[in-house]
Amino acid sequence: MPQLDTRHTARHGLGLAIAFVLTSWSCAGLAQTAADASEEKTPERTSAQPSATLEAVTVTAQKRTENARKVPASISVVSEQQLENQHVTQLSDLNGYLPAMTITDRGTPGQTAVSLRGIPTLGPGAVVGTYLNDTPLGSSSNFARSSGFVLDLLPYDIQRVEVLRGPQGTLYGAGAMGGLLKYVLKDPDLDSFEGRVGGGVSSIDGAGGNGWNVRAGINAPLVAGKLALRASFANEFTPGWVDNAFTGRKDINDTRQRSGHVSLLWQASDDLSVKFTGLHQTVDADDNSLSILDANRRPRFGLDGTDKPANERFEKKVDFFAATVDWNLQWADFVSATSYSKTKTYQLNDQSKTYGPLFPLFGAPEGVSTFPLSLDLKKWTQELRLASKSDERIEWMLGAFYTHETSANHQELSARSFAGVPVAGLDPLAIVDLPSTYKERALFGNLTYKFNERFDVTAGLRYASNDQDFKQIATAGSLLALGTTTGQSSEDVTTYLLGSRWHLDNDSLLYARIASGYRPGGPNVALPGVPPSVDSDSLVNYEFGWKSLFLDQRASIDLAAFLIDWKDIQLSASTQDGLTYSANGGKARSRGVELTSAFKVTPNLRVGFNGSFTDAELREDAPSLKGSSGDTLPGIPRWTAALSADYDFQWGAGFNGHVGAGYQWIGKRKTNVDHNPNAAPLPASGQLNLNADVSRDNWTLRLYVRNLSNERDITSLGPVTSATTGAIVEWQANRIQPRTLGLEFDVWF
């Protein structure tokens, strides 16, 4: 679609105080990174004796409640306790923790892209599906630009985050061809009243002030055993640390995140329950954390400096409502999952370095060019499922899915002097609207046959049909032909799953899996020389895995090897004027190995290691990318690794403590394919995170340090080119957030 191809001294008081307290602990901690994440720490459990074995972890990856170690697929789980210990406030905080998962951050929460198993986001549509409980969030259409705005929730009142690697097209449908990111919210408890309030303060090295957060939650049985309400609210402020040399503004990238969650559970009978869920999330950033490098990729204004005349604001609001019915029919389980979501996104890009050089051609000096992008997505979904009981010899599931999306996409490109005066004959460069609709209907099912207690096979199939309509309404400007152009498309897609599982014993299994997935195509923008539509792309994943518990259930290992064939790759290509459109670009292959492990050294000490190797490359020339067969796919590191250690202990007088440490590392990669002249290397990067907490009765005091050694490696990089010459004039870089120290306090009642 027509969019530009873009891309101090610390506050010592709080920092020294927190550093002193952390030093007094002599070490600090970071929660585990393996699938065996610890369960939620509640006041009732802090005094319990720690288990000598690894805890079981429950997931809903296959739309059944199962032990993660029994699922024949590669899964990682991030628990609520892990999110709290690490003080995770956005997806990019997990970059490097989970095997074969790469998270690209463009300067604020919500401006995030996710890739799994070497399948990068080369086009505007997402390659990783996003679910909230039982329903999808985010668009399947290209015009909503979901690849760069993945759901990035402030993780409060979230029970766990599940990450499923490899295509999930049979059960989860369009857009989940690289894998699935699933947020699972906490359900109301029908029997126990619980309340919680808390808050914290933090200090970021070089920031212009302190950060803070507040949170509160309550669970209330309204009718014991029948009706319960859960509600929560969280507010997070992150101070800025980037300075703008052009305007003289300091610490420009302040960010506020807010979250509200309400859930009502009605247990109508022993066999029937209905749950209503509402969620509101906002991100409001004054600017982003991108800094400027010169054409030779050297810092122009220090590590955290920029020089732009416009504030690059970012705002995102998500409103989500869902109703889920669970009905035990005795012979099967019926689920109805209905949702409505509304997502509004506003992103302002400063394009002065790109289009400012055009102004002298019209008799005006160089000035300011801004590109505000407004997205408004409304999405209805309905899924019906009927599933057999899990203890039967033949397990089956049948389902139907429907979604209806309407997407508004408004773009403007200005040409003004530094005083804000429009450049005569040039302003606006473009004003365009790209409204679209996406409708999809799907039928799916799977069947598992258990030959005996040790061996079973599974087959699954999904048939989906989608219809899309689109308009390009150009009302002003010289970069696009004025007027209205319409487009439409329809396609039918079938995805499949074949798998088998061998239980070597009660604690070990081998599995093999072949699965396919796809990303919908659709109408294209109306530009000279651009095809009117883009085809869907698809892939097939071949996988073999081993999951095992050993040493008397004190150690675990999850090992998976995969090979992915990807064809008709959807890409973002650019015209000479810097306007983007969608294209198909040949074939690629990704292959690799993933490892997740954990070991209970003692009942109190747990260590873990995660790692992955990924080799992802083009298998055909891709002219739109200026890439050749054999080029490495952009943004994909060959290696990732994470280490963690957690130690729990008890003091006298009812005090309990926890300390731990974790290191996350992501290897070298490039911003583009090897033969693209604008490809730039990204260095390997790692950071050490620490935390510690002490609890007694109904309160917990937690301390944490993120990025202890204050590493400032570049994590994403994009060129800024001149519209007159096509040459790169500078680069925009995002770095690891500076060292952050924080103090948190929570009390339960």
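For reference, positions follow the sequence shown, starting with 1. Scope of the values below: all heavy atoms of this structure, side chains included, with no hydrogens, waters or symmetry mates.
Ion pairing between Arg606 and Asp646 fails under the 4.0 Å rule for side-chain N and carboxylate O.
The side-chain contact (heavy atoms from CB on, under 4.5 Å) test with Ser115 is passed by exactly one of Ile103, Leu633, Ile636: Ile636. With Asp631 as the partner, the side chain to side chain donor-acceptor pair (under 3.5 Å) test is satisfied by one option alone out of Lys670, His675, Arg619: His675. Under the side chain to side chain donor-acceptor pair (under 3.5 Å) rule, Asn689 has a single partner from Tyr704, Tyr97, Tyr663, which is Tyr97.
A donor-acceptor pair under 3.5 Å is absent between the side-chain atoms of Arg739 and the main chain of Val705, judged by distance alone. Of the possible donor and acceptor atoms, one in the side chain of Gln664 sits under 3.5 Å from a partner among the backbone N and O of Asn95. Put simply, the side chain of Thr614 never gets that close to the backbone of Gly118: no donor and acceptor are under 3.5 Å apart.
Residues satisfying the salt bridge (charged side-chain N to carboxylate O under 4.0 Å, His left out) criterion with Lys600, sequence neighbours excluded, are Glu55.
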Evaluate Ser74 against Glu594 for side chain to side chain donor-acceptor pair (under 3.5 Å), listing each step before the verdict.
CA-CA 8 Å; Ser74 183; Glu594 304 155 351; 2.8 Å; yes
Full working for side chain to side chain donor-acceptor pair (under 3.5 Å) between Ser259 and Gln281:
CA-CA 5 Å; Ser259 170; Gln281 291 257 338; 2.6 Å; yes
Report the C-alpha distance between Thr60 and Lys182 in whole Å, list the side-chain angles of each, state the deciding distance to 0.1 Å, and finish with yes or no for side chain to side chain donor-acceptor pair (under 3.5 Å).
CA-CA 9 Å; Thr60 54; Lys182 187 174 186 179; 2.9 Å; yes
Please report the C-alpha distance between Arg69 and Ser556 in whole Å, then the side-chain angles of each, then the deciding distance to 0.1 Å, and finally whether the side chain to side chain donor-acceptor pair (under 3.5 Å) criterion is met.
CA-CA 9 Å; Arg69 299 193 190 102; Ser556 71; 4.9 Å; no
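Looking only at atom types and distance, the side chain of Gln570 has a donor-acceptor partner in the side chain of Asn142 under 3.5 Å away. Side chains of Arg165 and Ser76: a donor-acceptor N/O pair is present below 3.5 angstrom, by distance only. Using a 3.5 Å distance cut-off with no hydrogens or angles, the side chains of Thr640 and Ser612 do pair a donor with an acceptor. For the 3.5 Å distance criterion, the side chains of Gln553 and Asp507 qualify, holding a donor opposite an acceptor. Between the side chains of Asp568 and Ser536, no donor N or O sits under 3.5 Å from an acceptor N or O. Judged by distance alone, the side chains of Ser79 and Gln81 never bring a donor and an acceptor atom under 3.5 Å apart.
Residues Gly110 and Asp152 share a closest heavy-atom pair of N-OD2, 3.1 Å.
A parallel orientation is assigned to the rings of Phe314 and Phe149, their planes being inclined by less than 30° (bins at 30° and 60°).
Cation-pi geometry between Lys63 and Tyr172 is met: the NZ or CZ atom falls under 6.0 Å from the ring centre, inside 45° of the normal.
Using a 4.5 Å cut-off on side-chain heavy atoms (C-beta onward), Thr89 and Leu154 make contact.
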